[in-house]
Novice: 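Sharing a structure with you now.
Reckoned from all heavy atoms, side chains included, excluding hydrogens, waters and symmetry mates. Throughout, protein chains are lettered first and strands after them, A, B, ... in sequence-line order, and every chain is numbered starting at 1.
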2 protein chains.
Amino acid sequence: MNVKTSSPKIPRKPLSASVARPINELLDLVGQRWTLRILWELRDGPSTFRGLQLRCGNLSPTVLNKRVQALRDADIVELTTSGYALTTLGLELGIKLLDLTKWAERWSRKRAV
Amino acid sequence: MNVKTSSPKIPRKPLSASVARPINELLDLVGQRWTLRILWELRDGPSTFRGLQLRCGNLSPTVLNKRVQALRDADIVELTTSGYALTTLGLELGIKLLDLTKWAERWSRKRAV
DNA sequence: AGCGTTGCTACATTATTGATAGCATATCGT
DNA sequence: ACGATATGCTATCAATAATGTAGCAACGCT
């Protein structure tokens with residue numbers, strides 16, 4: 001009694017799944033590779049698709065597109081005439097990330113000891 | 001002139017690579033799937049390996065072990081007699097994440113409109 | 001028309017994640 | 001001592017995601 005494999009309709013799991021709380025939804029979103037980095041790079045101002053690629057170390061367009069689409073769906077990023085940019089909501093998140101940066105610096109210093 | 005493949009010693013890239021700033025190192029670490037979620041679950045208190053698995057929706061031990069090892073290397077998580085727990089450093093990060101939660105709730109509310 | 005830039009897609013290859021079984025050790029109750 | 005149970009963790013292999021590259025269609029510019 002255990003179907004398990006051989007069920008082609010249910011691939012496996014969307015992501016962390018069972019996102020009851022918003023935080024889980026957020027963690028799923030920003031827990032994907034490159035998402036946080038993209039947000040971070042956009043803090044400095046808008047950037048074109050190819051500009052973002054460069055900032056992220058020549059990130060492949062395949063992944064970049066997936067991420068920006070997800071971020072656009074989430075109303076965190078929008079595509080403007082001057083390129084991809086953080087929305088109002090995204091800017092707020094950017095501020096939180098700035099806070100993380102300060103922590104990251106202390107973290108790095110303490111670990112170096 | 002371009003070796004590219006067939007060079008088994010250099011797989012391709014560690015991650016985002018070229019981590020000059022601590023924030024990039026941090027983003028690389030927490031940008032991996034499940035890392036943020038694990039930190040989040042540990043905010044509530046220590047948990048055993050299998051306990052963590054359950055909290056993360058039966059996360060496979062393969063990945064969980066990779067993540068906790070990385071977090072231990074980063075002095076963010078430690079293995080105590082009562083299971084995996086956040087270090088002092090990790091607790092600080094947990095507080096930042098709490099802040100993220102509040103944002104996530106507002107985010108969720110605004111999007112629902 | 002020709003050139004450069006834009007966002008983005010297709011494709012094949014490689015890396016990561018996933019589910020499952022199971023090991024070695026430790027602790028518990030009997 | 002013995003088995004039952006729980007611990008952290010590894011091995012193996014299938015499934016999924018990321019990567020690198022080439023290239024398309026649309027736009028503006030000259």
Side-chain angles (χ1 to χ4, degrees), chain A residues 1-18 27-38 41-42 45-73 77-85, chain B residues 1-18 27-38 41-42 45-73 77-85:
Chain A
M1 215 156 300
N2 202 324
V3 188
K4 175 164 61 164
T5 44
S6 75
S7 175
K9 279 312 184 68
I10 301 157
R12 187 180 290 160
K13 196 196 275 190
L15 252 178
S16 300
S18 68
L27 291 184
D28 272 356
L29 179 63
V30 302
Q32 295 201 260
R33 189 131 64 180
W34 293 111
T35 306
L36 276 177
R37 175 68 178 270
I38 290 167
E41 297 298 346
L42 285 181
S47 178
T48 64
F49 190 93
R50 283 182 155 86
L52 262 181
Q53 271 191 274
L54 283 176
R55 282 159 172 269
C56 294
N58 278 310
L59 173 59
S60 80
T62 321
V63 179
L64 179 54
N65 190 44
K66 275 187 189 171
R67 296 298 180 270
V68 291
Q69 291 302 338
L71 287 170
R72 287 169 77 178
D73 285 346
V77 160
E78 61 188 346
L79 180 53
T80 71
T81 50
S82 46
Y84 284 98
Chain B
M1 212 49 77
N2 202 326
V3 188
K4 183 163 52 170
T5 44
S6 75
S7 174
K9 280 313 184 70
I10 300 157
R12 185 181 290 161
K13 196 196 276 187
L15 252 179
S16 299
S18 66
L27 292 183
D28 272 356
L29 179 63
V30 303
Q32 296 202 257
R33 190 128 61 177
W34 294 111
T35 306
L36 276 177
R37 175 69 177 268
I38 290 167
E41 297 297 346
L42 286 181
S47 179
T48 64
F49 190 93
R50 282 182 156 85
L52 263 179
Q53 272 190 274
L54 282 176
R55 283 159 172 269
C56 294
N58 279 309
L59 173 59
S60 80
T62 322
V63 179
L64 178 53
N65 191 43
K66 273 188 189 170
R67 295 299 181 268
V68 290
Q69 292 301 338
L71 287 171
R72 286 169 78 178
D73 285 346
V77 160
E78 60 187 348
L79 181 53
T80 71
T81 50
S82 46
Y84 284 97

Novice: What is the distance, rounded to the nearest whole Å, between atom CD1 of A:Ile38 and atom P of C:dG7?
Specialist: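 Nearest whole value for this atom pair: 13 Å.
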Novice: Specify the closest pair of heavy atoms between A:Thr35 and A:Leu71, including all atoms of both residues, with the distance to one decimal.
Specialist: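 Looking at all heavy atoms of both residues, the closest pair is CG2-CD2, 3.9 Å.
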Novice: Of all the nucleotides listed (C:dT6, D:dG8, C:dT16), which has the minimum atom distance to the side chain of B:Phe49?
Specialist: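 Given the options C:dT6, D:dG8, C:dT16, the side chain of B:Phe49 is closest to D:dG8.
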Novice: Filter on salt bridge (charged side-chain N to carboxylate O under 4.0 Å, His left out), then keep only pairs touching residues 57-71 of chain A, sequence neighbours left out; what's left?
Specialist: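 Residue pairs passing salt bridge (charged side-chain N to carboxylate O under 4.0 Å, His left out), neighbours aside: none found.
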Novice: Find the distance A:Leu79:CG to C:dT6:P and express it as a whole number of Å.
Specialist: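 Going from CG in A:Leu79 over to P in C:dT6 covers 12 Å.
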Novice: In whole Å, I'd like the distance from the CG atom of B:Asn58 to the P atom of C:dA19.
Specialist: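 That distance rounds to 8 Å.
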Novice: Using only modelled atom types and a 3.5 angstrom limit, is any donor from either the side chain of A:Thr62 or the base of D:dG20 paired with an acceptor on the other?
Specialist: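 Result: at least one qualifying N/O pair found.
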Novice: For DNA chain D, find the residues of residues 63-71 of chain A with a heavy-atom distance under 4.0 Å and give them by number; none if there aren't any.
Specialist: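 Nucleic-acid contacts, sorted: A:Val63, A:Arg67.
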Novice: Below 4.0 angstrom from OP1 or OP2 of D:dG20, is there any side-chain N or O of A:Ser60?
Specialist: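 Result: no.
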Novice: Roughly, in whole Å, what's the span from CG in A:Leu59 to C1' in C:dG7?
Specialist: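 To the nearest whole Å, that distance equals 14 Å.
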Novice: Measure the distance from CZ on B:Arg33 to C1' on C:dA19 and round it to the nearest whole Å.
Specialist: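 Rounded to the whole Å, the gap is 15 Å.
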Novice: As a quick check of understanding, evaluate side-chain contact (heavy atoms from CB on, under 4.5 Å) for B:Val63 and B:Arg33, giving each step before the final call.
Specialist: CA-CA 9 Å; B:Val63 179; B:Arg33 190 128 61 177; over 6 Å; no
Novice: Roughly, in whole Å, what's the span from CD in A:Gln32 to P in D:dT19?
Specialist: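 It works out to 12 Å between those atoms.
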Novice: Please check if the side chain of B:Arg55 supplies one atom and the backbone of B:Ile38 the other of a donor-acceptor pair under 3.5 Å.
Specialist: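 A pair under 3.5 Å: no.
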Novice: Which whole-number value in Å describes the distance from A:Glu78 CD to C:dG7 C1'?
Specialist: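 Distance check: A:Glu78 CD to C:dG7 C1' gives 16 Å.
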Novice: Over all heavy atoms of both residues, which pair between A:Ser47 and A:Gly51 is shortest? Give the atoms and the distance, please.
Specialist: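 Residues A:Ser47 and A:Gly51, closest heavy atoms: OG-C, 3.4 Å.
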Novice: Does the side chain of B:Cys56 come within less than 4.5 Å of B:Glu41's, by heavy atoms?
Specialist: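 When only atoms from C-beta onward are counted, B:Cys56 and B:Glu41 do touch, with a gap below 4.5 Å.
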Novice: Checking contacts here: which listed nucleotide (D:dA22, C:dG22, C:dT16) is nearest the side-chain heavy atoms of A:Pro61?
Specialist: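 So the side chain of A:Pro61 is nearest to D:dA22.
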Novice: Going by side-chain contact (heavy atoms from CB on, under 4.5 Å), A:Leu59 matches just one of A:Asn65, A:Leu52, A:Leu64. Which one?
Specialist: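 Option passing the side-chain contact (heavy atoms from CB on, under 4.5 Å) with A:Leu59: A:Leu64.
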Novice: Should B:Trp34 be listed as having a side-chain N or O under 4.0 Å from OP1 or OP2 of C:dT16?
Specialist: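 For C:dT16, OP1/OP2 do not have a side-chain N/O of B:Trp34 under 4.0 Å.
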